[in-house]
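Here is the structure we will look at, set down as structure tokens.
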Amino acid sequence: MSLGLQVMLMMTALLDFTNCVKFGGGNSEKASVCGPEAQRDVWTLPAPSGVTMDSVNMKHILKWRPLQALCDTAVLYSVQFQGEFELTVLNDSWVDALECQLTPHTACDLTYDLGSDSDYNIRIRAVCGSKKSPWKRLDHPFNRRDTDLTAPEMTVTAVGGALQVTFDKLPFTAVVTVKVWKRGEEQQADVYKMPSEQKVLHVTALQEGAEYCVRAQTTLYPELHSSSTDAQCVSITGPGAAWMKPTTVTVTVIITAGLLFAVFWSVVHCRAESCRTYFQKEPLPPSLKNDWDIQIPMSPQEVELCEPIHMVSLDS
């Protein structure tokens, strides 16, 4: 065999070897496809684009654009993440986001997957039948400390002689700072701190008849806190006011119903003698009596003239 032919065979074998592509990752079993078949079957879909992380109040939602590619079946997406533990302890491995495997949606909730304050690498790929796209990473590692905090949703009500401050949709692990003051005395406000799991704050020992205002703010870390809510003010009406109004209305309704029943019963069961006694017929005043002598004057021309008529009997 000539030297030139040997060189050509070696180059062909080398090209076939370099065309051998390995794919897989994470905890899945790796496989390989070599030669022209690898170029035809692997990474035949474009990678997802527009991958962003939307994190508000410690709720982390990964979003991406739908894949624009010809596919006989629905395009599905799978998401993986890699934190400090996976990077250093688990030898640079990736973990599947369990709720985001082969999903047809273009968003994935990673709130419970990203459970520490470390930096996370996040990647996504598309699958269409046997076709797969390359992995697309989030442009920058994500840390849940980068979440955006909004002012908490707060409702303030007066319950007897106390205040009840209720919160909704608070981020977990947060601390809520609540300021309470008598109107016009904000500089002397009392400050209360409560964990987000508590949801409701009761403030007692308040002055009856005074108006109190409340403002709140959410804090996750010393350097991460939300804006404050608008001040909400309510009047303290005292411990008796909570039951006084409904009791008054109830008593009024009962008394009115009793009076109406008594009148109706009296009318139905009234004897003739008693009715005459209690319901006497008053005589009409003279001005309303119909005993007038009305005379209508008549002119002489209108007087009817009468002449006597004599009847004569004729005997045949």
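Here, residue 1 is the first one in the sequence, and each next residue gets the next number.
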Indicate yes or no for a side-chain donor-acceptor contact from Glu86 to the backbone of Val95 under 3.5 Å, with no hydrogens or angles considered. no
With clusters defined by side-chain heavy atoms of hydrophobic residues (ILVMFWY) lying less than 4.5 Å apart, directly or transitively, does Val214 cluster with Leu201? yes
Could you tell me if the side chain of Gln164 sits less than 4.5 Å from the side chain of Val200, heavy atoms only? yes
Indicate the ring-plane relationship of Tyr112 and Phe172, choosing parallel, tilted or perpendicular according to the 30° and 60° boundaries. parallel
More than 12 foreign heavy atoms under 6.0 Å from CG of Asn91: is that the case here? no
Looking only at heavy atoms, what is the nearest atom pair of Leu149 and Asn57, with distance? CA-OD1, 3.3 Å
Within one Ile-Leu-Val-Met-Phe-Trp-Tyr cluster: Leu206 and Val165, side-chain cutoff 4.5 Å: yes
One should read off an interatomic distance between Ile236 CD1 and Leu163 CG, to the nearest 0.5 angstrom, of 4.0 Å
Is it true that Trp181 and Val156 fall in one hydrophobic cluster, defined by side-chain heavy atoms closer than 4.5 Å? no
Tell me which one of Asp54, Thr111, Asp109 satisfies side-chain hydrogen bond (donor to acceptor under 3.5 Å, both in side chains) with Lys59. Asp109
For the residue pair Pro48 and Lys136, what are the closest heavy atoms and their distance? O-CG, 3.2 Å
Distance (rounded to the nearest 0.5 Å) between Trp135 CH2 and Asn121 CG: 13.0 Å
Asp72 atom CG, over 12 foreign heavy atoms within 6.0 Å: no
Treating Gln82 as the side-chain partner and Ser93 as the backbone partner, does any N or O pair qualify as donor plus acceptor under 3.5 Å? yes
How close do Thr88 and Glu84 get, heavy atom to heavy atom, and via which atoms? OG1-O, 2.7 Å
Atom of Lys199, atom of Met194 and distance for their closest heavy-atom approach: N-CE, 3.4 Å
Determine, step by step, whether Leu110 and Met53 satisfy the side chain to side chain contact (heavy atoms under 4.5 Å, CB included) criterion, reporting the C-alpha distance in whole Å, the side-chain angles of both residues, the deciding distance to 0.1 Å, and the verdict. CA-CA 10 Å; Leu110 296 176; Met53 177 64 80; 3.9 Å; yes
Give the cluster check for Leu87 versus Leu138: same hydrophobic cluster or not, with ILVMFWY residues linked at side-chain heavy-atom distances below 4.5 Å. no
Can you tell me how far apart CG (Asp119) and CG (Leu114) are? Round to the nearest 0.5 Å. 11.0 Å
Taking all atoms of both residues into account, what is the closest heavy-atom pair of Tyr77 and Pro104, and its distance? CE1-O, 4.2 Å
Rounded distance (nearest 0.5 Å) linking atom CD1 of Ile124 with atom CD1 of Ile122: 10.5 Å
Heavy-atom closest contact (Leu67 atom, Pro46 atom, distance): CD1-O, 3.3 Å
Apply side chain to side chain contact (heavy atoms under 4.5 Å, CB included) to the pair Phe81 and Leu62, showing each step before the final yes or no. CA-CA 11 Å; Phe81 61 90; Leu62 184 72; over 6 Å; no
Hydrophobic cluster partners of Val191 (side-chain heavy atoms under 4.5 Å): none
Looking at Tyr120 and Arg144, would you say the former's side chain and the latter's main chain have a donor-acceptor pair under 3.5 Å? no
Do Thr229 side-chain atoms and Ala151 backbone N/O form a donor-acceptor pair below 3.5 Å? no
Is there a donor-acceptor pair under 3.5 Å between the side chain of Asp148 and the backbone N or O of Val56? no
Could you check whether atom CD of Gln101 has more than 12 heavy atoms from other residues, nucleotides or ligands sitting under 6.0 Å from it? yes
So, does Ser226 use its side chain to make a donor-acceptor pair with the main chain of Thr218 at under 3.5 Å? yes
Roughly how far apart are Glu197 CD and Phe167 CZ, rounded to 0.5 Å? 13.5 Å
Between Thr73 and Cys128, is the side chain to side chain contact (heavy atoms under 4.5 Å, CB included) condition met? List the steps. CA-CA 6 Å; Thr73 61; Cys128 179; 3.7 Å; yes
Hydrophobic clusters here meaning ILVMFWY residues chained together by side-chain heavy-atom distances under 4.5 Å, can you tell me if Phe85 and Trp94 are in one? no
How far does OG1 of Thr147 sit from OH of Tyr221, to the nearest 0.5 angstrom? 9.0 Å
